[in-house]
2 protein chains.
Amino acid sequence: MIILAALAEIDRAGLESFSLRNLAKALGVFPTAISWYVPGRSQLLAEVARKVLEDITPPGFHDSWQGYLRDFFRRFRQAIRRHPNAAPLIGTQLVANPAVDLDFIERLLAALAHGGLSGARLVAAYNAVIAAAVGFTTQEFAPVPVDGTDAWQQEIRERLQSVPATRYPQLAQNMKLLGNKAFTLRWQNGTESPLDASFEAFVDIVILGLEQFAGRT
Amino acid sequence: MIILAALAEIDRAGLESFSLRNLAKALGVFPTAISWYVPGRSQLLAEVARKVLEDITPPGFHDSWQGYLRDFFRRFRQAIRRHPNAAPLIGTQLVANPAVDLDFIERLLAALAHGGLSGARLVAAYNAVIAAAVGFTTQEFAPVPVDGTDAWQQEIRERLQSVPATRYPQLAQNMKLLGNKAFTLRWQNGTESPLDASFEAFVDIVILGLEQFAGRT
DNA sequence: ACCTGAACACCGTTCAAGT
DNA sequence: ACCTGAACACCGTTCAAGT
C-alpha cells in the first residue's frame, strides 16, 4: 500500500522533507511510477491524514455519552501521537472528505443526541467536538521550527524568566508552570513534552460545556 | 515590508502556489534578493502567520471575564476571515514563537484568573482557549481540495442524501442541517459558507465549560 | 496493468560579483 | 546595504515507450 509507505516516510524523515521522489526512492522505483497509483501529491497527503485517523471510533458500549466523548478525544490524540510528524496534515486535510467515515459521524451524533441535543444545536455540538479535538492535538504536536537549536530554546526560556513582574504579573507569577507547558510558550512539542494534564483538563472543559449547552432551553 | 507583500501574494494566489520566486516576481526583483531580507521560506511563513494574528488582543475594559473571552474568540476568527488563504499556517506555525505577544498572553491569563483560576488549572484553561480558537478557525477555513469541482460537490451531496436511514438514523434525520454545515460533511469552506451560528455556539460551550471548570474545587 | 525513461517547468538556497 | 547573476540540487507532473 502506497499510503502506508508514504506515512512511514513521513514518520521517518518528517513532513518537511517528504517528497514523491524520496518516496519513490524508498520504494525502489522510478519517481514517475508513483503517478500511476496516486492522482497527485496533495491527494496522497489527504489519504495519509485519513490513514492516521482511522480506527478512532470508540467501540462497544459506554456508561454515558460523556464517557463516549472522553474515549473519542483520547483515541483521537493517541492516533496523532503515533504519527506526530503528520500532525500538520490533520487540521488542513479534514475539510470535506468524500469517503469520510460515516459510522464515526453517526456514533458521535448519537452520543450527543443521547445528551439531549437535537437539530441545529446537535450540529453545533458536533462541530465543537471536532474543532476541539483538532485544535488541541495540532497545537500540541505542531512541529518545532527547524531552527530549534539549544540556543533558540535557551532564548525563549530566558525571555520568559526575565519578564517584568510589574507589567506582566500573571506571567511572572506562573512562569514555572507556563514554560514549555503553555501554547506559544513552549520550546518542545508534544513528542518530547506531552501535555497530558492539560489535555485531560481540556476534555473536562469541553464536556462540561456541552452538558451546560445541552441543559439550556 | 516583505511580510506584507508575502501575505498579499497568499491572499491573491493562495498558499498552494505561493513561492519565493513568485513573490520576487511580484516585487519586481530577482529571486535571490529575497534571501537578503528573510532567513528562509518557513521563517517568512511564520512571520506571515504572526502578522495575520496581530491586533487580536481585546482592548479596553470588559464587564466580565466571559465577555473578554468572547471578544477574543471573535477577534481571532475575524483575523483569519480577513486572510483565509493563510489559515493553514495558523495551526502549525504558532508552536513556540520567541517574539510572541506577551501582552496578549498576560491579558488572557488575567481574564481567566478573574474567573477564579490559578496555578496548573489556570495554565490548562489558557491552553484550552488557544486550542479552541485554533481548532475551529483552521477547520472552518481549511482549503477545499484543488479538485473541488462541481462534480465533486455534487458527489458529496448525493452521498449524504442517499445515506440509509436504518443504519445511520442520526445522519439521515439531520441530513439537511449537516450538509455543508458540519465538519467533514462540507463541500465549501468558511469563505463561501461561514459557520457563524456554529461558532457562536462553540464559544458558548467553551465559556460554559470554563465556568464549570473554575467552579470545581 | 505496471513501470521505465526522458523531458518540462518549476523550486529554495548558495555564493561570488556588482554598486 | 542592497541587489544581480549564475549555478546547484531538488521538485511534481506530462507523456511516450516498453513489457
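Lettering follows sequence order; numbering is per chain, from 1.
- Taking the salt bridge (Lys or Arg N to Asp or Glu O under 4.0 Å) definition, one finds that D103(A) meets it with R167(B), sequence neighbours left out.
- Helical stems in DNA chain D, defined as runs of 3 or more consecutive Watson-Crick or G-U wobble pairs with donor-acceptor distances under 3.5 Å: C:4-8 with D:12-16, C:12-16 with D:4-8.
- Geometric assessment of R77(B) against the ring of F199(B) yields a positive cation-pi assignment under the 6.0 Å and 45° thresholds.
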Problem - Base versus backbone protein contacts along nucleotides 4-16 of chain C [heavy-atom cut-off under 4.0 Å; B, S, -] - result: BBB----BBBB--
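- With salt bridges taken as basic N to acidic carboxylate O contacts below 4.0 Å, none links D196(A) and R74(A).
- With hydrogens and angles disregarded, no donor-acceptor distance shorter than 3.5 Å links the side chain of E9(A) to the backbone of A26(A).
- For W36(A) and dC3(C), the CH2 to C1' distance is 10 Å, given to the nearest whole Å.
- The phosphate of dC3(D) (OP1 or OP2) has a side-chain N or O of Y37(B) nearer than 4.0 angstrom.
- The existence of a salt bridge linking R70(B) and D204(B) is confirmed by a sub-4.0 Å separation between a basic side-chain nitrogen and an acidic carboxylate oxygen.
- For an aromatic pair to be called close, the ring centres must be under 6.0 Å apart, and Y126(A) with F183(B) fails this.
- A cation-pi arrangement is not found for R81(A) relative to F141(A), the charged atom failing to lie both closer than 6.0 Å to the ring centre and inside a 45° cone about the ring normal.
- Residues R75(B) and P59(B) share a closest heavy-atom pair of NH2-CD, 3.1 Å.
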